[in-house]
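First up is the structure itself, then whatever we jot down about it.
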Protein chains: 2
Amino acid sequence: MSNSTPATIEDVARIAEVSIATVSRAIHTPEKVANSTRLKVNQAIAITGYTTNAMARSLRLGRSNMILVVAPDIGDPNFSNILVGLENEARSHGYGVLIGHTQNDPQRGLEYLKFLNSNQAAGLILFTGILPFGHQAMTARLPPSVGVFEPVFNGGIPYVGVDDIEGARKAIDLLIAEGHRKIAFVGDSRTRLAHRRRRMGYEAGMDAAGIGADLRIVLEGDGTIESGRLAVEQLFMRDTLPSAFMCVNDQTAIGVMIGLGARGYDVPRDFSVTGFDDVPQAVFTSPALTTIRQPRTLIGKHAMALLLELLSDGQPAETEILLRPDLVVRNSVSAPSRAWR
Amino acid sequence: MSNSTPATIEDVARIAEVSIATVSRAIHTPEKVANSTRLKVNQAIAITGYTTNAMARSLRLGRSNMILVVAPDIGDPNFSNILVGLENEARSHGYGVLIGHTQNDPQRGLEYLKFLNSNQAAGLILFTGILPFGHQAMTARLPPSVGVFEPVFNGGIPYVGVDDIEGARKAIDLLIAEGHRKIAFVGDSRTRLAHRRRRMGYEAGMDAAGIGADLRIVLEGDGTIESGRLAVEQLFMRDTLPSAFMCVNDQTAIGVMIGLGARGYDVPRDFSVTGFDDVPQAVFTSPALTTIRQPRTLIGKHAMALLLELLSDGQPAETEILLRPDLVVRNSVSAPSRAWR
DNA sequence: ACGCTCTATGTAAAGGTTTACATATTTGTT
DNA sequence: AACAAATATGTAAACCTTTACATAGAGCGT
């Protein structure tokens, strides 16, 4: 039972008194096997504790049962819930999930490319909008792939994301509805589509409310807590303060609140702040952050479903799936302070 | 070059005008191949873009080049840095890392057991102290394994962790040095050795300072932010307040600070708080949390090194590696307020 | 010039699986 | 009752690699 060497299909065949072909069929295409035989095989499998040797199977089939997920940083608070969605969907279709993270290091990216080339993954889920593999990727044979959050640069790869423009609209509309007019947007200057789209949502909302360029302030950070804090400092230097900050993501918003707190201001009494993403900490900031929720588990589920479709059909049903982000109202937004009214 | 089907060792052999055996040797044992031949082979490899088919190699060798890492929750802020250490070490020895998370679901654990049984991983890194596989694991053939943070229940598996007792001592000693006497320990009642050891450190520190049982308060939570908040509430109910809270981990400490803040108290003026782990957020709480740092990347590095040793030697050099945790002083600790002096 | 050792290379088997094809058995049709 | 068709099973090849063993050639001491 707990032998030193694992049972093979031959062991099962011997005990069930059939050929190995029949065992294989009993497992994968049971309808092609007589009931009585299937029973014998199942018993033999139970006795031996047989599990298919995945290496041999993948070798024979020419493809593995693993999906590679590459993210720039798996510590990203956005990541883990998406992964849950990805994994559940994959597992329920007999696939396993392999996680890689590049830390934005091209060298690491290359290692994953080699990994893919050695046929160890049947498909690829890419978190970065940019293929992390440098230009080699252009010529390389990539397996069926799906992007998460944004399209992959060389096109042809479908992706699943969130409607960032709509999400940003929900944030800006809330601020405007509360009575804010002079609203700063603290952005992320890295070239990610999601960030640009959030900015577009901001502009569109301001447009719709008829708020002119003179009341708009746009600051570019890099999406970190520190860059949020810095944005606030800049504004105090320039002495052109808005009554509200709409931030490109929660990290930035946290930084903004820290910066405001350090200067002795109270959120939301003195300034309102919104984030984007609804990372787990957003509940625990003080005040709790009003933000836009990404349906993370759902994103993962859809991305994997799309990939599995690709793996079986070869053709993507859709090339873009945008999910609806929701406004989560907590305590970082209120009407502007009297100074503004 | 970017053909539809990847190059095999035979393609290389044909172009280099040698046998496939020579190609294999040129790759894995170059010293056994004549210089001129090696050159030809390398050129052929460059031309074809050949990469070893990992499935075939693993099948032939009887072991894969992947290490499975199983954690209860990869979203745990402690996890990602350890993973960096694990990955770097593995990669530099030609191994890849596969990540699994069980979410404490026995069903998931079983899936990973099946995965291991199908020979898809050469080794196992286990984050939970308890084998997540239920009792089947007792009889199952597990590959060489290493635990992280604490020993695996059925013994015989070496592990890498941190000296929790020493770490806890550093926290409690700091509080005592600041002048605190009545110090509450907010623990985690789940049966993890690390938690028990932190409590032991607390008791040892109180003993060493000659502080009697009447000044000790021990509360059991479950390591979450919410349980920290609840602990504070309980204390206010009972009306037996300490001047400082030593928390079993950072999450709990954050909860304690939130609870204290909600009641209008200031940390560290009214109460001091310490955490354990130094999770990334600890810098951004207000006040920034004084805590005990786990050398996470190092833990990962050591754990993987130990596993690789196991894989080659078969014998563990050591069965327990405990790293030294460091005190990180930030702003959540000060001398007790006047009421206590 | 002979035989011995050493080095470089080739041949072929093995690893566990899936599946096309061949064969044997059963069922159904007339 | 005979034959065709359908069903069930077996045989053997293929997937790609590594490596034990065989072989051939070179170098060297006598």
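A note on names: the letters A, B, ... follow the listed sequences, proteins ahead of strands, and every chain is numbered from 1. Basis for what follows: all heavy atoms, side chains included, without hydrogens, waters or symmetry-related copies.
For B/Ser24 (side chain) and B/Ile20 (main-chain N/O), no donor-acceptor pair under 3.5 Å exists by modelled atom type. A/Ser58 places no side-chain N or O within 3.5 Å of a backbone atom of A/Met55 that could act as its donor or acceptor partner. A side-chain donor-acceptor contact under 3.5 Å links A/Thr48 to the backbone of A/Ala44. Under a 3.5 Å cut-off, the side chain of B/Arg38 and the backbone N or O of B/Pro30 do form a donor-acceptor pair.
Using a 4.5 Å heavy-atom threshold, the side chains of A/Val18 and A/Lys40 count as touching.
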| task | Quick one: do B/Tyr159 and B/Phe149 satisfy ring pair (Phe, Tyr, Trp, His ring centres under 6.0 Å)? Show the steps, please. | result | CA-CA 7 Å; B/Tyr159 80 103; B/Phe149 286 141; 9.7 Å; no
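Listed by first and then second residue, the salt bridge (charged side-chain N to carboxylate O under 4.0 Å, His left out) pairs involving residues 74-102 of chain B are A/Arg108-B/Glu87, B/Glu87-B/Arg91, B/Glu89-B/Lys301 (not counting sequence neighbours). Pairs engaging residues 6-21 of chain B under the salt bridge (charged side-chain N to carboxylate O under 4.0 Å, His left out) rule: B/Asp11-B/Arg14 [sequence neighbours left out].
Atom-to-atom, CD of B/Glu17 to P of C/dT9 comes out at 13 Å; the value is rounded to the nearest Å. The distance from atom CZ of A/Arg14 to atom P of D/dT9 is 19 Å, rounded to the nearest whole Å. Distance CG (B/Asn53) to C1' (D/dA14): 13 Å, rounded to an integer number of Å. Nucleotide D/dA14 holds its P atom 20 Å from the CZ atom of A/Arg63, rounded to whole Å. In this structure, CG of B/Leu59 is placed 12 Å from P of D/dT17, rounded to the nearest angstrom. Rounded to a whole Å, the CD atom of A/Gln120 is 13 Å from the C1' atom of D/dC16. With rounding to whole Å, B/Glu10 atom CD is found 9 Å from D/dC15 atom P. Between B/Lys32 atom NZ and D/dT19 atom P the separation is 9 Å, expressed in whole Å.
Tested against B/Leu98, the residues B/Val70, B/Leu68, B/Leu124, B/Ile67 include a single side chain to side chain contact (heavy atoms under 4.5 Å, CB included) partner, B/Leu68.
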| task | Sugar-phosphate atoms are those with a prime plus P, OP1 and OP2; base atoms are the rest. Using that split, label each nucleotide of nucleotides 18-27 of chain C B, S or - for protein heavy atoms under 4.0 Å, 5' to 3'. | result | BBB-------
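OP1 or OP2 of C/dT9 has at least one side-chain nitrogen or oxygen of B/Thr37 nearer than 4.0 Å.
Atom CG of B/Leu83 is separated from atom CE of B/Met304 by 8.5 Å, given to the nearest 0.5 angstrom.
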Using the 3.5 Å cut-off, write out each protein N or O paired with an N or O of nucleotides 22-26 of chain D and the distance between them.
none

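The side-chain contact (heavy atoms from CB on, under 4.5 Å) test applied to A/Leu61 returns A/Arg57, A/Arg63, not counting sequence neighbours.
Each end of the helix from C/dA1-D/dT30 to C/dT30-D/dA1 yields a helix axis from five base pairs, and these two axes differ in direction by 50° (to the nearest 10 degrees).
Distance from the side chain of B/Ala34 is smallest for C/dT9 among the nucleotides C/dG16, C/dT9, D/dT9.
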